[in-house]
Asker: 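This structure is in structure tokens; I'll ask about it shortly.
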Amino acid sequence: MGTLSLLKCYRPFFSAVFPPTPRASTFTRKNLSSFCAGSSPPLTTENKSHADALPFKSPSPEVWLHNTMSKTKQLFKPKVESKVGMYVCGVTAYDLSHIGHARVYINFDLLYRYFNHLGFQVCYVRNFTDVDDKIIARATELGEDPISLSRRYCEEFCQDMATLNCLPPTVEPKVSEHMPQIIDMIEKILNNGYAYVVEGDVYFNVEKFPEYGKLSSRDLEDNRAGERVAVDSRKKNPADFALWKSAKPGEPFWESPWGPGRPGWHIECSAMSATYLGYSFDIHGGGIDLVFPHHENEIAQSCAACKKSDISVWMHNGFVTIDSVKMSKSLGNFFTIRQVIDVYHPLALRYFLMSAHYRSPINYSNIQLESASDRVFYVYETLHECESFLNQHDQTNRKDSVPPDTLNIINKFHDVFLTSMSDDLHTPVVLAGMSDPLKSINDLLHTRKGKKQQFRIESLAALEKSIRDVLIVLGLMPASYSEVLQQLKEKALMRANLTEDEVLQKIEERAAARIQKEYAKSDAIRKDMAVLGITLMDSPNGTTWRPTIPLPLQEHQID
């Protein structure tokens, strides 16, 4: 029986109770074919601004990306001029996502934003695994239907990504909605002699694919079954992996030429990437833990189904660690995104995850999050003060002239931005590069020399715009400087277990102590606040407060 004649049978076991979830994106296969042919996929309003945000578009820099396959950085050359096809493996939707997941999707959101900024038309595909052993096990534990549970956690994931300021991908396919394509690919693999059927299960025969192991640099005899692949004596080789699993009692299933069942973990991404990008596209990405077995198996499957299968660049980000151990749900040493952003601002978490190069491991700790939070407060406070100053001055009298010193600072920052982002997304250098333009803004606002500078207003406007435009590309631009500053202060008060009224009361007590010349008491109040992460700042206009790194953590950092 051919695949086309079976299409009417491809429906989830629970479909009568749980209808298919609507796609998060309206980007259809017809749209995607036109993308490949030459038209542009739809972009969000924020995306549309990227290409025009910064005044250094022409000529676009060469982009170099590290390719896991070649183990080197290589010049990125799109298969279709001015277009990028990118597939990133999404989450298995059975629980809330942890910050290891956040690192993956922030990294590829950065790449997506940067390509958009350079003027590329990007088709970004990120899937949901909503049919899987782990989902079934969790649903059984909770007494919930697997399809319903996975749908709920897909929605939770999308909410987390929006909170972290990640743009939605072009399309977000789900396994449960792509059974015809998955079954069709398995049939091609079987017909081409790369797989075999055993009692309703279909296994890929790794010995039929001599290049197996080329991504992970493993010899076939050194390979072992992946963490999701059960040991099965019916396999011809222990490394053979399931393309199709026969149905077990009580599990969701779909009809197939080999009987009722569901797909293996690896085949889903091969089928969905081929559906939306074809067998030959530019970038395939994910966490480094996916190199083997998942991506290794994807390569084998896709090449077995189509000899012309070819992906230009395989990209993988490093782990988030705790005490130098990989963070993962299986090890139980993870923090969910929700747990972290309950205490720290989402943009502070995003900043933290960008503060190390994406291929390096990054160690999660309170001091790292406090440092990131302190830094983003400084950035937004500086830009807010600049924006407030500019709003108080007549815009119509502003000249086009910007002093050479200011232009040099801006041009240097732009060069650092382009050079570093084009060098395999070297975000730590970009973040560090903001220091000079931020310092210049503060000098112009607050120092005697800066206040006397000619074309001061023009310089401030140009500096603020240069930073703002880069923040947009980095996904660090808030809707409002004042709102994010207030939110950062609220998070700091929560961590300190204080209310703002209590802080203001301490400020009054300290002021009274100073009037009475009780300087030891005044100093003690200030230090007590610093211990809790609250800095009291004196000025001619009185005392105010801002969040800071708690004093014990500062001292530990120095040690």
Side-chain angles (χ1 to χ4, degrees), residues 3 68-69 89 92 127 129 131-137 175 178-179 181-248 251-274 279 284 286-311 314 316 330:
T3 300
T68 306
M69 183 69 76
C89 292
T92 300
N127 76 295
T129 296
V131 179
D132 184 81
D133 292 344
K134 291 185 177 182
I135 296 171
I136 294 169
V175 175
H178 291 77
M179 289 300 165
Q181 294 91 336
I182 291 170
I183 291 171
D184 180 64
M185 178 171 278
I186 295 173
E187 285 191 312
K188 288 178 180 177
I189 295 170
L190 278 165
N191 292 338
N192 290 338
Y194 289 91
Y196 54 95
V197 181
V198 181
E199 300 172 359
D201 295 327
V202 183
Y203 289 103
F204 188 92
N205 189 341
V206 295
E207 292 182 343
K208 294 287 187 177
F209 189 70
E211 293 184 294
Y212 190 77
K214 63 180 179 179
L215 181 68
S216 57
S217 300
R218 291 171 177 256
D219 295 328
L220 184 57
E221 53 270 23
D222 294 333
N223 287 328
R224 65 181 188 277
E227 64 178 73
R228 302 192 191 193
V229 182
V231 175
D232 190 335
S233 60
R234 301 173 302 162
K235 294 181 182 180
K236 295 181 178 180
N237 185 300
D240 292 351
F241 54 91
L243 302 177
W244 188 260
K245 299 180 178 182
S246 57
K248 296 177 183 177
E251 293 183 353
F253 66 84
W254 288 258
E255 294 297 336
S256 80
W258 319 285
R262 55 190 171 86
W265 173 34
H266 313 292
I267 191 66
E268 63 190 50
C269 287
S270 289
M272 287 187 285
S273 62
Y279 281 91
H284 196 313
I288 196 170
D289 54 325
L290 297 184
V291 173
F292 183 86
H294 187 50
H295 287 166
E296 195 71 75
N297 292 352
E298 276 194 66
I299 292 170
Q301 293 164 160
S302 297
C303 292
C306 177
K307 290 182 179 180
K308 295 183 179 180
S309 176
D310 177 59
I311 296 168
W314 289 86
H316 298 91
S330 59

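The shown structure was predicted, so the numbers you read here are calculated from the model rather than taken from an experiment.
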Asker: Verify, without hydrogens or angle tests, whether Ser246 (side chain) and Gly261 (backbone) share a donor-acceptor contact under 3.5 angstrom.
Answerer: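 Here the side-chain-to-backbone pair does not exist.
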
Asker: Would you call Arg262 and Asp133 a salt bridge, using N to O less than 4.0 angstrom?
Answerer: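 Salt bridge: yes.
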
Asker: How would you list, by chain and number, every residue that makes a side-chain hydrogen bond (donor to acceptor under 3.5 Å, both in side chains) with Thr68, sequence neighbours excluded?
Answerer: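 Here the qualifying residues are His316.
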
Asker: Under 3.5 Å, is there a donor-acceptor pair between the Glu296 and His266 side chains?
Answerer: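 Note: Glu296 and His266 side chains miss the donor-acceptor criterion.
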
Asker: Are the side chains of Cys303 and Phe209 in contact, using a 4.5 Å heavy-atom criterion?
Answerer: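 Phe209 vs Cys303: side chains touch.
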
Asker: How long is the span from the CZ atom in Phe241 to the NZ atom in Lys235, to the nearest 0.5 Å?
Answerer: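 Phe241 CZ to Lys235 NZ: 9.5 Å, rounded to 0.5 Å.
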
Asker: Nearest 0.5 angstrom please: Asn192 CG to Lys307 NZ, how far?
Answerer: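 Going from CG on Asn192 over to NZ on Lys307, the span is 7.5 Å.
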
Asker: Can you say whether the rings of Tyr194 and Phe204 are parallel (under 30°), tilted (30 to 60°) or perpendicular (over 60°)?
Answerer: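 Parallel: the ring planes of Tyr194 and Phe204 meet at under 30°.
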
Asker: If every non-hydrogen atom of Asn237 is compared with every non-hydrogen atom of Tyr196, which pair is closest and at what distance?
Answerer: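 Answer, listing the atom of Asn237 first, then Tyr196: N-OH, 4.4 Å.
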
Asker: May I have the step-by-step check of side chain to side chain contact (heavy atoms under 4.5 Å, CB included) for His294 and Cys269, ending in yes or no?
Answerer: CA-CA 9 Å; His294 187 50; Cys269 287; 3.5 Å; yes

Asker: Can you tell me how far the CH2 atom of Trp314 sits from the NE2 atom of His295, to the nearest 0.5 Å?
Answerer: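 Between atom CH2 of Trp314 and atom NE2 of His295 there are 5.5 Å.
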
Asker: Please tell me whether Glu268 and Thr129 have a donor and an acceptor in their side chains that are separated by less than 3.5 angstrom.
Answerer: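 The criterion, which ignores hydrogens and geometry beyond distance, is satisfied for Thr129 and Glu268.
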
Asker: How many angstroms lie between CH2 in Trp265 and OG1 in Thr92, if you round to the nearest 0.5 Å?
Answerer: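 Atom-to-atom, Trp265:CH2 and Thr92:OG1 are 7.0 Å apart.
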
Asker: Please report the C-alpha distance between Ile182 and Met272 in whole Å, then the side-chain angles of each, then the deciding distance to 0.1 Å, and finally whether the side chain to side chain contact (heavy atoms under 4.5 Å, CB included) criterion is met.
Answerer: CA-CA 8 Å; Ile182 291 170; Met272 287 187 285; 5.6 Å; no

Asker: Looking at Gly264 and Lys245, what are the two nearest heavy atoms and their distance?
Answerer: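 Heavy-atom minimum between the residues: CA-CE, 4.3 Å.
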
Asker: For a quick check under 3.5 Å, do Ser256 and Trp244 share a side-chain donor-acceptor pair by atom type?
Answerer: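 Trp244 and Ser256 do have a side-chain donor-acceptor pair below 3.5 Å.
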
Asker: Could you list the residues that satisfy ring-ring contact (aromatic ring centres under 6.0 Å, His included) with Tyr279, not counting sequence neighbours?
Answerer: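 Tyr279 satisfies ring-ring contact (aromatic ring centres under 6.0 Å, His included) with no other residue.
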
Asker: With sequence neighbours left out, what residues match Ser273 under side chain to side chain contact (heavy atoms under 4.5 Å, CB included)?
Answerer: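 Listed in chain order: Tyr87, Phe281.
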
Asker: Compare every heavy atom of Ala239 with every heavy atom of Val206, then report the nearest pair and how far apart it is.
Answerer: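 Nearest pair, atom of Val206 first, then Ala239: CG1-O, 3.7 Å.
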
Asker: Ion pair present between Asp201 and Arg234, side-chain N to carboxylate O less than 4.0 angstrom?
Answerer: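 Yes, Asp201 and Arg234 are salt-bridged.
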
Asker: Do side-chain atoms of Gln301 reach the backbone of Ile267 as a donor and acceptor pair under 3.5 angstrom?
Answerer: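 Looks like yes, one N/O pair under 3.5 Å.
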
Asker: Quick check for you: to the nearest 0.5 Å, what is the distance between His284 atom NE2 and Ile311 atom CD1?
Answerer: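 Between His284 NE2 and Ile311 CD1, I get 5.0 Å after rounding to 0.5 Å.
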
Asker: Looking only at heavy atoms, what is the nearest atom pair of Met185 and Ala305, with distance?
Answerer: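 What the structure gives for the nearest pair is CG-CB, 3.9 Å.
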
Asker: Measure the shortest side-chain to side-chain distance between Ile183 and Glu255 over non-hydrogen atoms and say whether it is less than 4.5 angstrom.
Answerer: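 Not touching, per the 4.5 Å side-chain cut-off.
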
Asker: How long is the gap from CG on Asn297 to OG on Ser216, to the nearest 0.5 Å?
Answerer: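 With rounding to 0.5 Å, CG (Asn297) is 9.0 Å from OG (Ser216).
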
Asker: Please determine if Lys236 forms a cation-pi arrangement with Tyr203, meaning its NZ or CZ atom is less than 6.0 Å from the six-membered ring centre and no more than 45° off the ring axis.
Answerer: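 No.
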
Asker: Do Val131 and Pro252 touch side chain to side chain, with heavy atoms closer than 4.5 Å?
Answerer: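 No; the side chains remain at least 4.5 Å from each other.
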
